[in-house]
Amino acid sequence: MSRLAQTHGLTDVQQEIVSTVRDFVDKEIIPVATELEHRDEYPQQIVDGLKELGLFGLMIPEEYGGLGESLLTYALCVEEIARGWMSVSGIINTHFIVAYMLKQHGTQEQRDTFLPRMAAGEVRGAFSMSEPALGSDVSAITSKAVKDGDEYVLNGQKMWLTNGGTSTLVAVLVRSDEGHPEGTAPHRSMTTFLVEKEPGFGEVRPGLTIPGKIDKMGYKGVDTTELIMDGLRVPANRVLGGATGRGFYQMMDGVEVGRVNVAARGCGVAQRAFELGVRYAQQRQTFGKPIAQHQAIQFKLAEMATKVEAAHAMMVNAARKKDSGERNDLEAGMAKYLASEYCKEVVEDAFRIHGGYGFSKEYEIERLYREAPMLLIGEGTAEIQKMIIGRRLLEEYRFQG
């Protein structure tokens, strides 16, 4: 076990879960990740293995068939999975966010219907906020739901849907002006709908189309798609929580824990980059000795290790804050911001240590170099995190003069 990124104060159960996931990553993910990534192939065998481990129900309460574990346990597992292949952690993350939103905000009927099947991995979750003309500006959403008897009719186009093809349950955020008069603040007239669908591409249910996979620079294997609603009919009992106008807050709650997840992914990728860099530095020789013995390389390794340790500590702090029931948007924003930025820097330093070989697809660092940038964007850019952090700091340190 590495000395870096250790987490103190874990229970025996938590240690056993994280150790089991680490062994799975070392044996089942790392040996095949680069080959699958180059083929942009969905890692079905890996996903089946995670299903057998019970990871799809890790945070779902035991009464619904899950393990009932904490956000910290989940984040540490994500860190390990991302260390093997970041795309696999993305498959788990979107599922987890939908399950979390159901647990926190769903009606009893919605929880009873979906959570047991989600815990078993039979129902796979995805969530959708972004649209072609917007990203972080959620208030500008134009997709709309109109009440029609006991149903709502949804129209609009969503973007950047992780697990868009493989999921069978999508939490979709749209505008719903019904019950909200003109002039209502945009975030008060948004609703989250639970949309069931068949896996695959094309028209996956009447009025709902998943056009196909978006070809990406990195983050391959996992399917990232658009979602097009054209007269999609959804029953009223599939409004998350049973009432319209709460969708923005429900989604932001999900994204808040999602930011801890992205921070964990950044920690995992950075750890793997450090492992590759420190190993290669001891194998590669220049001027008659391993490059690890050159001061310039030792300085890089020292900086990389320090960033790995700092990011991990902030991620753990954010997860523990949420688990305690306290507001953690400040800590989650800081952790996501720092971990994603440090991940990019650690990966680039490992890339530099590899020299020309880092540019070769035969070396794992090439894959990590293409994967790290996604973390700078996912769950809110660095600029968005800074806005959240700045506003919260002004609340905490309000000048009373």
Side-chain angles (χ1 to χ4, degrees), residues 1-7 18-19 21-38 76 78-89 217-220 262-316 335 337-376:
M1 181 184 296
S2 167
R3 176 169 180 172
L4 293 180
Q6 295 302 298
T7 309
V18 175
S19 178
V21 173
R22 183 183 299 119
D23 289 343
F24 181 86
V25 168
D26 287 339
K27 295 174 183 176
E28 306 295 336
I29 297 182
I30 289 177
V32 300
T34 296
E35 181 182 352
L36 292 175
E37 197 270 351
H38 287 169
L76 295 176
V78 166
E79 184 178 38
E80 294 294 341
I81 293 169
R83 178 179 147 266
W85 184 12
M86 193 184 72
S87 293
V88 178
S89 64
M217 175 179 73
Y219 200 40
K220 293 179 179 290
V262 172
R265 285 197 247 179
C267 292
V269 173
Q271 284 181 47
R272 185 58 181 166
F274 174 79
E275 291 172 4
L276 295 172
V278 74
R279 180 196 305 165
Y280 185 81
Q282 296 172 77
Q283 296 171 336
R284 175 69 167 175
Q285 293 204 4
T286 62
F287 305 103
K289 59 183 178 181
I291 62 173
Q293 293 183 20
H294 294 296
Q295 190 181 64
I297 300 301
Q298 288 181 13
F299 281 4
K300 277 191 186 302
L301 294 173
E303 292 169 0
M304 293 161 68
T306 302
K307 290 173 181 177
V308 167
E309 192 75 0
H312 175 84
M314 291 197 72
M315 179 271 292
V316 168
Y337 167 57
L338 190 82
S340 58
E341 294 290 334
Y342 276 1
C343 175
K344 177 203 68 172
E345 293 170 10
V346 171
V347 168
E348 181 170 340
D349 279 342
F351 174 84
R352 290 172 183 268
I353 287 172
H354 279 75
Y357 289 106
F359 210 62
S360 168
K361 285 184 175 288
E362 294 181 19
Y363 283 74
E364 190 178 341
I365 190 63
E366 181 271 342
R367 169 171 62 83
L368 271 58
Y369 195 77
R370 288 184 289 105
E371 289 179 339
M374 198 286 291
L375 298 173
L376 300 172

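Every heavy atom of this structure was used, including side-chain atoms; hydrogens, water molecules and symmetry mates were not.
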Quick one: does any side-chain atom of [X] pair with a main-chain N or O of [Y] as donor and acceptor, under 3.5 Å?
| X | Y | answer |
| --- | --- | --- |
| Gln282 | Val278 | yes |
| Gln285 | Ile291 | no |
| Glu366 | Gly358 | no |

Take the angle between the ring planes of Tyr280 and Tyr363 and call it parallel below 30°, perpendicular above 60°, tilted in between.
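Judged by the thresholds at 30° and 60°, the geometry between Tyr280 and Tyr363 is perpendicular.
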Where does the angle between the aromatic ring planes of Tyr369 and Phe351 fall among parallel (under 30°), tilted (30 to 60°) and perpendicular (over 60°)?
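The arrangement is parallel - the two ring planes meet at less than 30°.
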To the nearest 0.5 Å, what is the distance between [atom1] on [X] and [atom2] on [Y]?
| X | Y | atom1 | atom2 | answer |
| --- | --- | --- | --- | --- |
| Glu80 | Ser89 | CD | OG | 12.0 Å |
| Arg22 | Ile81 | CZ | CD1 | 12.0 Å |
| Thr34 | Glu37 | OG1 | CD | 7.0 Å |
| Leu375 | Tyr219 | CG | OH | 8.5 Å |

Should [X] and [Y] count as side-chain neighbours, where that means a heavy-atom distance under 4.5 Å?
| X | Y | answer |
| --- | --- | --- |
| Phe274 | Lys307 | no |
| Leu368 | Glu371 | yes |
| Lys220 | Arg370 | yes |
| Val308 | His312 | no |

For [X] versus [Y], what's the shortest heavy-atom pair and its separation?
| X | Y | answer |
| --- | --- | --- |
| Tyr357 | Arg284 | CE1-NH1, 3.9 Å |
| Leu301 | Ile353 | CD2-CD1, 3.9 Å |
| Ala305 | Leu4 | CB-CD1, 3.8 Å |
| Ala372 | Cys343 | CB-SG, 4.1 Å |
| Ala339 | Ala311 | CA-CB, 3.9 Å |
| Met217 | Pro373 | CE-CG, 3.8 Å |

Could I get the full list of side chain to side chain donor-acceptor pair (under 3.5 Å) partners for Glu275, not counting sequence neighbours?
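Only Arg83, Arg272 meet the side chain to side chain donor-acceptor pair (under 3.5 Å) criterion with Glu275.
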Tell me whether the count of non-hydrogen atoms from other residues, nucleotides or ligands lying under 6.0 Å of CD in Gln283 goes above 12.
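Count over threshold, so yes.
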Out of Val262, Leu76, Val78, which residue meets the side-chain contact (heavy atoms from CB on, under 4.5 Å) rule with Met315?
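Per the side-chain contact (heavy atoms from CB on, under 4.5 Å) rule, the option paired with Met315 is Leu76, out of Val262, Leu76, Val78.
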Check the pair Leu276, His354 against side chain to side chain contact (heavy atoms under 4.5 Å, CB included), reporting the backbone distance first and the verdict last.
CA-CA 9 Å; Leu276 295 172; His354 279 75; 4.1 Å; yes
Charged N to carboxylate O below 4.0 Å: is that the case for Glu303 and Lys300?
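So Glu303 does not pair with Lys300 through a salt bridge.
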